[in-house]
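Notes for the one structure printed next.
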Amino acid sequence: MPAFQTSPGMRDILPADTARWRRLNAVFAEIAGSAGYGQVITPLLEDIGVFTRIGDATDVVTKEMYDFRDKGDRHVSLRPEMTASVCRSFAQHRPAALPWKVWYTGSNFRYEKPQRGRFRQFDQVGIEVLGVDDAHLDVEVIALAWEFYAALGLTEVNLIVNSLGEPEDRAAYVEALRTHFESSDLTEQGRATLAKNPLRVLDSKREGDAAAVAAAPTIADFYSSEAAQHFATVQSGLQRLGIPYTVEPKLVRGLDYYRRTIFEFQGGTLDSAQNALGGGGRYDGLVEALGGPATPGIGFALGVDRTLLACEDEGVFGDDTAPVDVFVVDVVGGQEAVAITAELRAAGFSADRGYDNRSMKAQMKLANRSAAPLAIIVGEEEVASDSVIVRPMARDAGDQQRISRSDLISHLKETS
RNA sequence: GUGGUCAUAGCUCAAUAGGUAGAGCACCAGGUUGUGAUCCUGGCGGUUGGGGGUUCAAGUCCCCUUGGCCACCCCA
């Protein structure tokens, strides 16, 4: 066992996997960029107040934050999510041109018990839009996430939407829920949840709570006409775009700041409890809570790790390896390889080489393992005749050739 | 945080009722003078996650601890 290993819930992403990470991020950046979103990069560390504004009924804030006092005695926390940071950034810089459309990618930290698809340091990609109340924006935001999954090649993704209504609707509904559950048969844990946040009882997976949850009042009965209209516009927009969705009246989300439209993407292939690939919603009021002007906002965050798990389940990744163009085998000391790889790279070819002056057989094995289509071989004969061997590595790629040393680059350019 | 389960070479796993650790892959070196991918031979490699206990003897039993996984919880 190694003397040191990663902390619980944290891990190294090794070269074998990072290609997928880069692809995922590249796809996301492309989609967000094509819709007029700019990237925002916010600090990993924020004043803890930025996050406590999110709400005191969510475990993310009350139990799971990596908070501590820095050397200046500031109470800070590693960010447990991105939305609050983005809203803080908006309140701090007050961009004049609205809407402010941004996307981001990065790590978040939550001190939870790790499981598959649930890490203490986990990555998200997401977007936030501040300053527009339009229900059509809700449609755009949801559609972008949908497009992203499609662009990755995922097909088993289910979109679930709901509306929490206007703040007053939501408040009235919460009271109705409280009344209902207080007179219902709930488990002990269910009662504890009820005391903190009645909405979350709807999320219970305990059998003992199932009957009470099934009999609970539904949010749809509490919508004001504005909320109902907003939600109807969102749904008709999704239909117009041909995006399949399911309305789930019992969908509630973990963070307390959501109002009106909320949505979640579930992976059809993920049978574990961690099947939420991503989610988001409207959070009008969050910027104000962070000291900014009253500003409507909406966005989503998608879990990179879970999305990658879904990609793996659906087999959307082909061969990730990106071999170099050329592998240089030098059995005359290595100086030739130094010069040749430098020339090749300067000419635009990617090139790797063998080291430690190993035997030709050993270096050829390295060349083979590198999957480079071509090997350049330099031995005594080549040095003596001022030439190199250019050897195609594939079985059916023909014979090797001896090329004049000075013609190497031009020869490769002609044949590639 | 609660409950359950697992932990053996770099990786995937073996090891009869406790008797003192093995295979495949990978890696390295050879297979008659420069050339890989197949094949053959050999080699490297583990105080069996860590600590303590029971026993003549523990990878195999007990306790503690660390970590993975699963469920609850929470959420992406």
Side-chain angles (χ1 to χ4, degrees), chain A residues 1-11 14 16 57-64 80-83 105-126 145 187-190 192-193 196-197 200-201 203-209 252-255 264-267 270-280 300-310 327 329-332 354 356 358-384 389-397 399-400:
Chain A
M1 276 297 112
F4 295 104
Q5 54 187 320
T6 49
S7 266
M10 303 194 176
R11 70 255 193 260
L14 301 176
T58 164
D59 285 1
V60 170
V61 169
T62 56
K63 296 175 10 190
E64 299 173 358
E81 60 115 40
M82 303 275 228
T83 302
T105 176
S107 291
N108 301 295
F109 301 83
R110 294 180 194 173
Y111 195 88
E112 297 184 274
K113 192 143 179 176
Q115 282 179 220
R116 179 178 175 80
R118 187 170 85 178
F119 303 97
R120 288 181 176 174
Q121 177 178 348
F122 63 99
D123 276 63
Q124 292 183 325
V125 295
T187 62
E188 193 178 328
Q189 279 183 306
T193 305
K196 285 190 304 181
N197 186 345
R200 294 225 56 87
V201 180
D203 245 0
S204 170
K205 292 171 193 163
R206 293 171 294 267
E207 284 186 20
D209 296 330
V252 294
R253 298 199 47 75
L255 289 334
E264 187 167 301
F265 297 92
Q266 295 180 352
L270 273 49
D271 52 357
S272 71
Q274 274 71 239
N275 70 339
L277 295 178
F300 63 71
L302 313 179
V304 171
D305 311 281
R306 292 181 189 180
T307 301
L308 253 19
L309 282 177
F327 193 96
V329 172
D330 175 347
V331 291
V332 293
D356 290 334
R358 293 174 65 183
S359 71
M360 182 173 292
K361 178 171 182 170
Q363 290 194 55
M364 286 305 295
K365 288 183 77 164
L366 295 177
N368 184 58
R369 201 185 303 160
S370 78
L374 284 180
I376 306 293
I377 304 172
V378 183
E380 299 293 349
E381 288 177 33
E382 287 67 40
V383 171
I389 298 293
V390 177
R391 178 178 176 80
M393 295 298 285
R395 283 177 186 284
D396 53 358
D399 295 328
Q400 62 187 35

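Below, chain A is the first sequence line, B the second, and so on; all start at residue 1. Note that these values count all heavy atoms, side chains included, but never hydrogens, waters or copies made by symmetry.
Contacts of A/K113 classified as salt bridge (charged side-chain N to carboxylate O under 4.0 Å, His left out), with partners at least two apart in sequence or in another chain: none. Every side chain to side chain contact (heavy atoms under 4.5 Å, CB included) that A/T6 has, sequence neighbours left out, goes to A/D12. Residues passing the side chain to side chain contact (heavy atoms under 4.5 Å, CB included) test with A/D123, sequence neighbours excluded: A/W21, A/S107, A/V304. Applying the side-chain hydrogen bond (donor to acceptor under 3.5 Å, both in side chains) test to A/Q124 and every residue at least two apart in sequence or in another chain returns A/N108. The side chain to side chain contact (heavy atoms under 4.5 Å, CB included) search around A/S204 returns A/R206, A/D209, not counting sequence neighbours.
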Give me, pair by pair, the N or O atoms of the protein and of nucleotides 1-7 of chain B that are less than 3.5 Å apart, along with how far apart they are.
from: B/U2; atom 1: O4; to: A/K113; atom 2: NZ; distance (Å): 3.4

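When the side-chain nitrogen and oxygen atoms of A/T193 are compared with OP1 and OP2 of B/C73, none of them lie within a distance under 4.0 Å. The phosphate of B/C75 (OP1 or OP2) has a side-chain N or O of A/R200 nearer than 4.0 angstrom. Proximity of A/S204 to the phosphate of B/C73: a side-chain N or O atom is located under 4.0 Å from OP1 or OP2. Note on A/R206: a side-chain N or O is less than 4.0 Å away from OP1 or OP2 of B/C73.
For the pair A/F265 CZ and B/C75 P, the interatomic distance rounds to 19 Å; values are reported in whole Å. Computed from coordinates, the A/D203 CG to B/C72 P distance equals 12 Å when rounded to whole Å.
At least one donor-acceptor pair closer than 3.5 Å links the side chain of A/R110 to the backbone N or O of A/P80.
Nearer to the 5' terminus of RNA chain B, by closest-nucleotide assignment, is the contact made by A/G9 (compared with the other of A/G9 and A/Q124).
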Letter per nucleotide, 5' to 3', of nucleotides 29-36 of chain B [B base touched, S only sugar-phosphate touched, - untouched; heavy atoms, 4.0 Å] = S-B--BBB
Would you mind writing out the side-chain donor-acceptor pairs for residues 366-373 of chain A within the sub-3.5 Å range, not counting sequence neighbours?
from: A/S370; atom 1: OG; to: A/A367; atom 2: O; distance (Å): 2.7
from: A/S370; atom 1: OG; to: A/A372; atom 2: N; distance (Å): 3.1

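A/F327 places none of its side-chain heavy atoms less than 4.5 Å from the side chain of A/M364.
For A/K205, whose side chain is taken as the heavy atoms from C-beta onward, the closest listed nucleotide among B/A76, B/C73, B/C70 is B/C73.
Pairs engaging residues 374-384 of chain A under the salt bridge (charged side-chain N to carboxylate O under 4.0 Å, His left out) rule: A/E381-A/R402, A/E382-A/R402 [sequence neighbours left out].
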